[in-house]
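Letters go in sequence order (proteins before strands), and every chain restarts at 1.
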Protein chains: 2
Amino acid sequence: MAQNDTVTRILDTAEVLFAERGFAETSLRTITSKAKVNLAAVNYHFGSKKSLIQAVFARYLDPFTERFHRALDALEARHGGQAIPLEELLETLAGSVLEVPAERNSLKVFMRLLGLAYSQAQGHLRRYIQEEYGGVFTRFTALIRVATPELPDSERFWRLHFMLGSVIFTFSGLDALRDIAEKDYDEHVTVRDLVRRLRPVVVAAMQAPLPPSVNAQEA
Amino acid sequence: MAQNDTVTRILDTAEVLFAERGFAETSLRTITSKAKVNLAAVNYHFGSKKSLIQAVFARYLDPFTERFHRALDALEARHGGQAIPLEELLETLAGSVLEVPAERNSLKVFMRLLGLAYSQAQGHLRRYIQEEYGGVFTRFTALIRVATPELPDSERFWRLHFMLGSVIFTFSGLDALRDIAEKDYDEHVTVRDLVRRLRPVVVAAMQAPLPPSVNAQEA
DNA sequence: TTACGTTTCAAACAAATGTTTATAACTGGA
DNA sequence: TCCAGTTATAAACATTTGTTTGAAACGTAA
């Protein structure tokens, strides 16, 4: 139990600090002193700072991918080979994202970490996430393809990334944006609230009319 | 000229490295050695690393804000006090953004820096940008407000940030995404092409139906 | 208890960081 | 030419970083 306790305390503290300041800006000494464990404990239990970062992600992404896969299984079964509407796919994604960290009441941390994974270069992290969790994303985009047959493949590709950008950008800058929103509109914004606001926006964006076709636009 | 040369070489090198790796991950020694100037030159010419970061931003944002202000002046004059349609506002923003770094062919760097300014905590940076360049953004959002009277203020605030995320995320990850698109869809994507694709998406997103009102969603 | 594998701990390590200093080199005007 | 003032340079500075070490403390099964 002593071991488990130390490992958990490190992970709990690290994920919060990483989410607040980023990876490079958070030192092992800050983590270990705040977690009230010895400095060497990180290298003993995780091996290195890089591995600690990956472990922090794994603790969120492992349960997420499992649940998301299961949710997609259920969704596919329910539609028995028929195309699944776009809204349901998005709903399932949002549901799976929201479910996982609800247990620890740290959805904000989860989102901010996802944002950091993209925005902070950290080559090893992107590689790790791609190799470890790229499969679900591939499965999901294949289903989106069936749900939006009117979109050319390349157009859908870009729109999905536009939307991914909205989500990641918003959540990874959440604290700052929330402060502004709170001050200017006297409104306390929860993550669930943002998901609620995102839903119609994402659907509308994916269903927007196609851009005028390219004529002589090369540069 | 020797002075100007050193200052410029530092800025040119720093902005690329910052965009590639982030601020904390880029040391002054990396910058100065790559720029072929003495290590102390940064502290001599800029005072500190923080000030260098701000100078990198200023070199993009100063000309941008000036041009954008002028473009908005012209737009307002052309409509003589009448409300300006959303499409025209977005068009003007896109035009101003595209104009500035075109001179140095570094739109990608500009976008990536903007993304970092939001995602990296770096308190001093956000404060600096807000104090120095908050004005244009305020002016622009005020015009957007007139163009979208059907949106509640807070809803418009969030949707603007959703779209900001799409743009910054897409352009700051442009190289990687372009490679994928090229390989998977045999399509060479230009920046103008992306702007063309973004236009209908952004308009549709801003005009999406309002989300269902909040009932008992607090957490 | 004894003995053994695991975990903790304080200390030290080498490397890297931003910044400062003192000296040299250069610049343009008297 | 000589002299300010500006810029460049190498060296050193004090911190901070991630990691390693060796001994102590702990828990557990024989």
Could you tell me the separation between the CD1 atom of B:Ile10 and the C1' atom of D:dA8, rounded to a whole number of Å? 11 Å
Ring pair (Phe, Tyr, Trp, His ring centres under 6.0 Å) between B:His124 and B:Tyr128, intermediate numbers included: CA-CA 6 Å; B:His124 74 97; B:Tyr128 170 77; 8.1 Å; no
How many angstroms lie between atom CZ of B:Arg196 and atom CG of B:Leu198, to the nearest 0.5 angstrom? 10.5 Å
Given D:dT7, is OP1 or OP2 found less than 4.0 Å from the side-chain N or O atoms of B:Thr6? no
Looking at B:Arg139, I want to see if its CZ is surrounded by more than 12 non-hydrogen atoms of other residues, nucleotides or ligands under 6.0 Å. yes
Would you kindly give the NZ-to-P distance between B:Lys36 and D:dT9, to the nearest whole Å? 13 Å
Can you check each nucleotide of nucleotides 12-26 of chain D against protein heavy atoms at under 4.0 Å and return B for base, S for sugar-phosphate only, - for none, in 5' to 3' order? B----BBBBB-----
So, is B:His45 near the phosphate of D:dT6, with a side-chain N or O under 4.0 Å from OP1 or OP2? no
Any donor-acceptor N or O pair under 3.5 Å, side chains A:Thr148, A:Arg156: yes
Heavy-atom distance under 4.5 Å between the side chains of B:Arg197 and A:Phe162, does that happen here? yes
Angle of first-five versus last-five pair axes in the helix from C:dT1-D:dA30 to C:dA30-D:dT1, to 10 degrees: 10°
Quickly, which of A:Phe137, A:Tyr60, A:Tyr133, A:Phe140 forms a ring-ring contact (aromatic ring centres under 6.0 Å, His included) with A:Phe68? Name it, please. A:Phe140
Crowding at CG, B:Asp186 (>12 non-hydrogen neighbours, <6.0 Å): no
For a 4.5 angstrom cut-off between non-hydrogen side-chain atoms, does A:Phe46 reach A:Leu28? no
